[in-house]
Amino acid sequence: MLHLKFIRENQALLVERLKLKNFDAFQLISKIIQLDDQRRQTQNIQDNKQAEGKRLSGKIGALINSGKQEDANKSKTDSSRLKEEIKTLNNQMQEISSTMESLLIQIPNIPHESVPPGKGEQDNFEERRYGVIPELEASAIPHWDLGKKYDILDFELGNKLTGAGFPVFKGKGAKLQRALIQFFLDEAIKAGYREIIPPLMVNEASGFGTGQLPDKEGQMYYIPSENYYLIPTSEVPITNMYRNVILEAKDLPVKNTSYTPCFRREAGSYGKDVRGLNRVHQFDKVEIVQIVHPDKSYDCLDEMVSHVEQLLRKLELPFRIMRLCGGDISFTSALTFDFEVYSAAQQKWLEVSSVSNFEDFQANRLKLRFHEESGKKNKIAHTLNGSALALPRIVAALLENNQTSQGIKIPAVLVPYTGFKMID
RNA sequence: GGAGAAAUGGCAGAGUGGUCGAAUGCGGCGGUCUUGAAAACCGUUGUCCGCCUCGGCGGACCGGGGGUUCGAAUCCCUCUUUCUCCGCCA
């Protein structure tokens, strides 16, 4: 959510910049400013009436104390009348505010100036590429077949237990999952992140705080009996830890990391893109989240990008980094880099990480602020997050790219975690 | 699951209808004293919104929501959370 003050002061600029996200904000913004004017006007009247009411109440008290009951009764009538007026005004205020809020949350974040124009993923800009795309033998097979061949990954069993999109990992497949999680967490901790294990269900307020609610209910699993949502990413609980929090400038940056399973309904997905591990309803992910000083957020974004880059290099996976264009970047993000690994048997790039700077968009909605120094006004912090990393597509690429006639080779960096060098 | 108690500023903790955004203590910040520090003393110390002649002025907030009253931290209703006791349990 953008700050009202910013919207008021940068109306034209905002409309212009949001065109990059293919969003026409003109009507919305005009309406918001009009409502805000109304709100201010109403508040002014209400404040004055309330001040008058306060004075009157004090007077009544004094009159009663000095025994002037009749004068007091007369003032009581005035006061009652005032109260009615205030109540009406207050109702108006609430209505205006809630309408304004519902409009405010419809405006997307402003894209950073380096965001390239474009309509969709085909227009994303490739920043750089690393690694060599392996030449597989003619007998190479995709990961869903490899999973069956080595009995490490079972989609049919998941289907029996739950339904489509809930894979079962077995034996060395399960161990590989655990190894990756451990490796990612260790690397994050080495990079200065604090590990958190959050709840896997969140309430409505948290869903709202990070922008899943309202409107995106359909993407989350919902527990009606408790009114809870299964988290689609640990970003939700980890970021909401700081909802309504005022930090000290000296505590920044705040760096948290968390491994959790993630649950996504992915309603409406179908076709070959969702085969195997490419898209599932439950998957594991290690997330990194930072809360930083506004002056530093783009340096932090670089730092996070390079962290993810190092992970992929250590796993010896070929990857490319994409700077998302205006049409593909998310509603909440100012600048996003996607990481894609090459899955050699499927012969396609798979998105494994998305690293974003939200600037103050998320923090504003969360009311996440910090004290610049004593005596100065509090400021909205900047937030960033990134996957480091999401497991399923990493596993898909590792299995496919490292397959040999002897079995699947485990990258050297993971061997201390798996305890084996080959899946065979 | 049953019974009872409670929720106040960064923390502790007063306040049971008006003069209370709220005593006091601790902590924080600034100062006096000191070669420096400690102690002592003095001052200051929440968030949000609006107005403005940028010095100020007004309003809201005592767990959330609603009500009673001219007036609510204080009374009533409701929700949430915490604590104690009992039961159940990994």
Side-chain angles (χ1 to χ4, degrees), chain A residues 1-9 32-105 197-209 213 223-229 237 240-252 254 291 360 363-381:
Chain A
M1 181 164 85
L2 292 171
H3 203 276
L4 193 54
K5 193 176 170 211
F6 179 88
I7 293 174
R8 288 193 74 104
E9 288 168 3
I32 287 167
I33 290 177
Q34 188 200 327
L35 282 168
D36 189 43
D37 287 340
Q38 241 182 77
R39 192 195 104 252
R40 289 173 187 223
Q41 207 181 3
T42 311
Q43 188 184 334
N44 244 317
I45 301 168
Q46 190 190 329
D47 281 358
N48 287 336
K49 290 209 188 284
Q50 268 172 342
E52 198 187 330
K54 264 179 132 174
R55 254 181 274 120
L56 215 49
S57 290
K59 202 176 103 187
I60 291 167
L63 285 172
I64 290 171
N65 283 339
S66 57
K68 294 174 179 165
Q69 195 61 46
E70 274 179 35
D71 292 345
N73 285 341
K74 190 172 170 295
S75 291
K76 277 189 189 181
T77 317
D78 292 344
S79 187
S80 298
R81 198 199 65 237
L82 258 180
K83 195 197 167 184
E84 286 306 311
E85 291 173 11
I86 289 166
K87 200 169 178 179
T88 309
L89 287 165
N90 194 37
N91 288 341
Q92 282 175 24
M93 283 276 284
Q94 279 181 11
E95 205 182 311
I96 293 168
S97 298
S98 77
T99 310
M100 212 164 62
E101 169 105 330
S102 72
L103 295 179
L104 264 176
I105 60 175
I197 300 182
L200 303 183
M201 295 182 198
V202 293
N203 57 28
E204 250 180 351
S206 294
F208 180 83
L213 299 175
I223 319 283
S225 59
E226 311 294 329
N227 200 19
Y228 292 161
Y229 294 85
N240 272 285
M241 295 198 298
Y242 299 92
R243 166 155 44 89
N244 264 316
V245 165
I246 303 174
L247 296 162
E248 293 296 329
K250 66 175 165 53
D251 297 328
L252 301 178
V254 171
I291 299 163
D360 63 6
N364 195 39
R365 188 157 172 165
L366 287 164
K367 297 193 168 57
L368 163 51
R369 291 156 289 174
F370 70 99
H371 272 302
E372 182 74 281
E373 53 186 81
S374 55
K376 278 198 179 175
K377 211 166 151 46
N378 297 332
K379 277 188 180 171
I380 303 284

Q: Before you tell me yes or no, could you show the steps for A:Leu2 and A:Asn364 under side-chain contact (heavy atoms from CB on, under 4.5 Å), namely the whole-Å CA-CA distance, both residues' side-chain angles and the distance that decides it to 0.1 Å?
A: CA-CA 7 Å; A:Leu2 292 171; A:Asn364 195 39; 5.5 Å; no

Q: Provide the Watson-Crick or G-U wobble partner of B:U82, both distances under 3.5 Å; none if there is no partner.
A: B:A5

Q: In this structure, how many angstroms lie between the P atom of B:G50 and the CZ atom of A:Arg40, rounded?
A: 5 Å

Q: Any strand is fair game: report the nucleotide pairing with B:C29 by Watson-Crick or G-U wobble, both distances under 3.5 Å, or none.
A: B:G43

Q: Side chain of A:Arg39, heavy atoms from C-beta onward: which of B:G18, B:G50, B:G59 has the nearest atom to it?
A: B:G50

Q: Starting the side chain at C-beta, find the nucleotide from B:C70, B:G50, B:G58 nearest to A:Lys76.
A: B:C70

Q: Rounded to the Å, how far apart are A:Met93 CE and B:G58 P?
A: 18 Å

Q: Does A:Lys49 make a side-chain N or O approach to OP1 or OP2 of B:G59 shorter than 4.0 Å?
A: no

Q: Categorize A:Leu56 for me: base, sugar-phosphate, or nothing, with a 4.0 angstrom heavy-atom threshold over every strand shown.
A: nothing

Q: Test A:Asp47 against A:Arg40 for salt bridge (charged side-chain N to carboxylate O under 4.0 Å, His left out), laying out the working first.
A: CA-CA 10 Å; A:Asp47 281 358; A:Arg40 289 173 187 223; over 6 Å; no

Q: Under 4.0 Å between a side-chain N or O of A:Lys87 and OP1 or OP2 of B:G67?
A: yes

Q: Is it the case that atom NZ in A:Lys379 sees more than 12 heavy atoms from other parts of the structure closer than 6.0 Å?
A: yes

Q: Calculate the interatomic distance between A:Gln38 atom CD and B:C49 atom C1'; express it in whole Å.
A: 17 Å

Q: Over how many whole Å does the gap from A:Gln41 atom CD to B:G59 atom C1' extend?
A: 17 Å

Q: Check every atom of B:G71, B:G59, B:C48 against the side chain of A:Asn378 and return the nucleotide holding the closest atom.
A: B:C48

Q: Using whole Å, report how far CD1 of A:Ile380 lies from C1' of B:C48.
A: 11 Å

Q: Start at the 5' end of RNA chain B and walk down; is the nucleotide closest to A:Asn48 or to A:His3 reached first?
A: A:His3

Q: In this structure, how many angstroms lie between the P atom of B:C49 and the CG atom of A:Asn90, rounded?
A: 17 Å

Q: Which pair of non-hydrogen atoms, one from A:Phe370 and one from A:Ile380, has the smallest distance, and what is that distance?
A: CE2-O, 3.7 Å

Q: With heavy atoms under 4.0 Å as the rule, sort A:Leu82 into base, sugar-phosphate or nothing.
A: nothing

Q: Identify whether any heavy atom of A:Ser80 sits under 4.0 Å from a base atom; if not, whether one sits that close to sugar-phosphate; answer base, sugar-phosphate or nothing.
A: sugar-phosphate

Q: For A:Gln50, answer base if it contacts any base atom (sugar-phosphate contacts may also be present), sugar-phosphate if it contacts only those atoms, and nothing otherwise; contact means non-hydrogen atoms under 4.0 Å.
A: sugar-phosphate

Q: Using atom C1' in both nucleotides, what's the gap between B:G87 and B:A3 to the nearest angstrom?
A: 11 Å

Q: So what does A:Lys367 touch, heavy atoms closer than 4.0 Å: a base, only the sugar-phosphate, or nothing?
A: nothing

Q: Check the surroundings of atom CD in A:Gln41: do more than 12 heavy atoms from other residues, nucleotides or ligands lie under 6.0 Å from it?
A: no

Q: Assuming nearest nucleotide by heavy-atom distance, tell me which of A:Gln94 and A:Leu4 is located more 5' along RNA chain B.
A: A:Leu4

Q: Taking OP1 and OP2 of B:C70, is either one under 4.0 Å from a side-chain nitrogen or oxygen of A:Arg81?
A: no

Q: Between the side chains of A:Asn203 and A:Ser206, is a donor N or O closer than 3.5 angstrom to an acceptor N or O?
A: yes

Q: What about A:Asp47: does its side chain form a donor-acceptor pair under 3.5 Å with the base of B:G59?
A: no

Q: For the side chain of A:Gln43, starting at C-beta, report the closest nucleotide among B:G18, B:U68, B:G58.
A: B:G58

Q: Measure NZ/A:Lys59 against P/B:G71 and give the value in whole Å, please.
A: 15 Å

Q: Taking atom CD1 as the centre, does A:Ile197 end up with more than 12 heavy-atom neighbours from other residues, nucleotides or ligands that are less than 6.0 angstrom away?
A: no

Q: Any idea which of B:G71, B:G58, B:A60 is nearest the A:Ser57 side chain?
A: B:G71

Q: Could you state the CD1-P distance from A:Ile60 to B:A72, rounded to the nearest angstrom?
A: 11 Å

